[in-house]
Amino acid sequence: MKKYNPSQIESKWQKKWRKDKLYNPDMDRAGKPYYVLMMFPYPSAEGLHVGNMYPFTGTDIYSRFKRMQGFDVFEPIGLDGFGIHSENYALKVNEHPFEVSKRTEKRFYAQLTAIGNAFDWTRTVETYKSNYYKWTQWLFLQMYKKGLVYKKKASVNWCPADRTVLADEQVISGICERCGAAVEKKELEQWFFKITDYADRLLNNLDHIDWSEKIKIAQRNWIGRKEGINITYKVEGNPEKITVFTTRPDTNYGATFIVIAPEYPQALSFIKPENLEDTKQYIKVSKNKSSKDRIAEGREKTGVFTGSYALNELTGYKMSIWISDFVLMEFGTGAVVGVPGHDKRDFEFAQKFSLEVKRVVVGRDGDSSKITKVEQVQEEEGTMVNSEFLNGLDIHEATVKIMDFMEEKGWGKRVTTYHLRDWLISRQRYWGPPIPIIYCEKCGTVPVAEENLPVELPYIKDFRPKGTGKSPLASDDNFVNTKCPKCSGSAKRETDVSDTFLDSAWYFLRYPSTEFDNKPFDDSRTKSWLPVDMYIGGAEHSVLHLLYARFVTMVLKDMGKINFEEPFEKFRAHGLIIKEGAKMSKSKGNVINPDEYIKRYGSDTLRVYLMFMGPFSEGGDFRDASIGGIFKFLNRVWQMTDLADDAEQTGEELKIAHKTIKKVGNDIENLRFNTAISSLMEFLNFIFKQKRASKMTVKILLLLLAPFAPHITEEMWLSIREKYSIHKQSWPKIDSKYLEEVQINVVIQVNGKVRDTILIEKDMKSNKEIVEKLALESENLKKFINKTKPKKVIYIPGKIINFVI
RNA sequence: GCCGGGGUGGCGGAAUGGUAGACGCGAUAGACUCAAAAUCUAUUAAUCGCAAGAUCGUGAGGGUUCGACUCCCUCCCCCGGCACCA
């Protein structure tokens, strides 16, 4: 027997598989299409690290398993190489993104080949190629046609380091998601997608899709649907009224003040002349504050009094009107009603400015005293007091009752608000699809005609972001100056490019149709292959990519272009591989390159090692200390075929083989690769203990291992003179008659403590008397129950007999 | 502060109401070898014991149960996400 030399066999098989198109399903005639997808990588470094390889391996095991189950599996791959991440990398290495993308493409694809995944290499998608982004622009035009695109001057998140605007989803605690710089506010004309029109559908559909629960929760929180009421208050001596949004109108008998956002449009009309200087100054300062400044101030309240009062018609109370930056213009109505007794934030504000605090709710603790400390502020639950007709009601009942009452009186109107905002898609950068819009002096804003797509991204030498609020494309006259599609007069192009998340919001639709140049996706292909059957990716995309992709899919459904509205039937989040407790990143210097390990042990060993580290959904800390154990395991697999003989399978062999078939199949289906591997190890240990095995047993083990270690199993499959390829074989069938034990081990307990075990015949399983009698013969049991008669004997058939004394 | 996931041998982890520590790493002893590596065999939570076996044990405390790593309550700690969202 030759030595196991992975580097020799692995590249040999990779070449052969690709040449034979082993993993390329027949796109038009597949009988059981099954689409497995892992989020495509973005090249923001020279190559992949093992943290990137990890989820691809798990995805591949799943897809190979599905293929063996008889599905026509489609497992495509591509690169999300357009956008700010790749451009920032180009800036870092000081090279033009066109050049960088060529190099990284080659390198990434070479690595993705070396890991041995069953990709269909004839259908790659690169978002930065014009045959792809042409259709990204087409998608923008469809949105435009549907009335879901608008341009608006808005106060937007501006990243001073990346010199571009960011979507709300890309700002994390006031920090740019990409570079970590503090995000500022800037007034700019920007393009938006009306994702808020789909808020309810995006929320409600979550109940019916099979996704990791934590992702669904994150999306629900991000959409942030809230039922409440808009209450309109009259302002003393002023025709203007103030409308506030609240989810807790039940506490309105305790309302003592109103606070409006500094950006509130009618703010000035409430300001009395004697308060003018202070308020103007406050508004100016707070408008310039970045979100980071606001966060740095913590919960310390600031604010100014306008001098005006609003009337609480329930109580006749004159509520002072204040301006404070804790109230956000973007949420609700930009004004809140202050109920300091039952909202911590309102209480802090009232304390700071000595405003009256009224108790209208008594909580479970029964405290009905005056509220003077923040700990007494009852927010969650309780019974109404000091609230006339609401007194004695539970707060939830009171909420309904007062909403009815206010609507009847014409003081308020029920509304639903969302945390979700419209998707800002303009970027003042170079490396992205130009937004296909033309500005004509006569005709105004005109979309580029579909037949004129793509709007090619020109090669601009100085692609650096300018920080002027304009894209580098604005400096290219050849690009900017064009003709109006309507009147043919001279016109100018939009120079912003679209957000990189638009590129990835529809790529899964492109894979089955890559050869069509005249359409983004083919109808019959889409019908048979989509939606994606199994999607795997990182939880960090819970509210970015995954929400946008769902939105785009819904829009295309509504336009009749596709017949489904959820793109991913099943989604599972994978865990992260960390190194020394931190996420792998170049700046931390803890990046592990898979190439070295592949060279030394082979990709089969690395694959099995990564999957054996822990549960796929959890990830783990990469320590190469135990990788040698996996290499040893595969070496034993290599030697195993020498132990094969032509004898029939023994009863013992059949038992463990079928038990393992069941276990491994279940585990792969649930992405529990670590326990699948350990049962394969047990199976192999059994064969080595026997020092022989029937060829059939060896075959089963190879088949079960094939999804995990595709190269070595292919090699061994041939060495036992089976037909190429193991990856075209069916998953072994379970015969449940081998799973039934003839003899069963029953544990004997006394008061729940194990004292002995007995072996009983299968047929005695359900006969309590016999089992009890057999158990009582145990010497060790006798020691513990002495001569006392047990109070009770509990028998769980085939498992445990417990004597209670 | 809120939401989510965790806390089990020296280490990665297994067991989701029924023999805690599967499987792997590491460690110790032995075999082979001039020697080392590789490989093989045995042992390996802790304590007591020659052994049979006993006691104890899954972050802490309490509860439910014949029986709890697993379910319930209170609390501590770690990781991730969100956060002045009315």
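The analysis underlying the following values was restricted to heavy atoms, covering all of them including side chains, and did not include hydrogens, waters or symmetry mates. Chain identifiers are assigned alphabetically (A, B, ...) following the order of the sequence lines, protein sequences preceding nucleic acid strands; residue numbering begins at 1 within each chain.
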* Asked: Are the side chain of A:Arg607 and the backbone of A:Thr57 linked by a donor-acceptor contact shorter than 3.5 Å?
  -> no
* Would you classify A:Ile796 as touching base, sugar-phosphate or nothing, given that sugar-phosphate means primed atoms plus P, OP1 and OP2, and contacts are heavy atoms under 4.0 Å? => base
* Asked: Does OP1 or OP2 of B:rC66 have a side-chain N or O of A:Lys792 closer than 4.0 Å?
  -> yes
* To do: Would you mind building the protein contact string for nucleotides 42-57 of chain B? One character per nucleotide, 5' to 3', B for base within reach (heavy atoms under 4.0 Å), S for sugar-phosphate only, - for untouched.
  => -----------SSSS-
* Are A:Arg636 and A:Asn685 close enough that a side-chain donor and a side-chain acceptor fall under 3.5 Å? -> yes
* To do: Would you check if A:Val793 and A:Lys768 make a side-chain contact, meaning some heavy-atom pair closer than 4.5 Å?
  => yes
* Structure fact -> The nucleotide from B:rG13, B:rC84, B:rG12 with an atom nearest the side chain of A:Arg623 is B:rG12
* Structure fact -> To the nearest angstrom, the CG-P distance between A:Asn751 and B:rU19 comes to 17 Å
* Cationic N near anionic O, under 4.0 Å, A:Asp210 to A:Arg572 -> yes
* Asked: Salt bridge check: are A:Asp200 and A:Arg225 linked by an N-O gap of less than 4.0 Å?
  -> yes
* Not counting sequence neighbours, list each pair that qualifies as a ring pair (Phe, Tyr, Trp, His ring centres under 6.0 Å) and has a residue in residues 612-631 of chain A. => A:Tyr4-A:Phe631, A:Tyr54-A:Phe616, A:Tyr597-A:Phe622, A:Tyr601-A:Phe631, A:Tyr609-A:Phe622, A:Phe616-A:Phe673
* Structure fact -> Each base of RNA chain B marked ( ) or [ ] if paired in-strand (Watson-Crick or G-U under 3.5 Å), | if paired to another strand and . if unpaired gives (((((((..(((.....[....)))((((((.......)))))).(((....)))...(((((..]....))))))))))))....
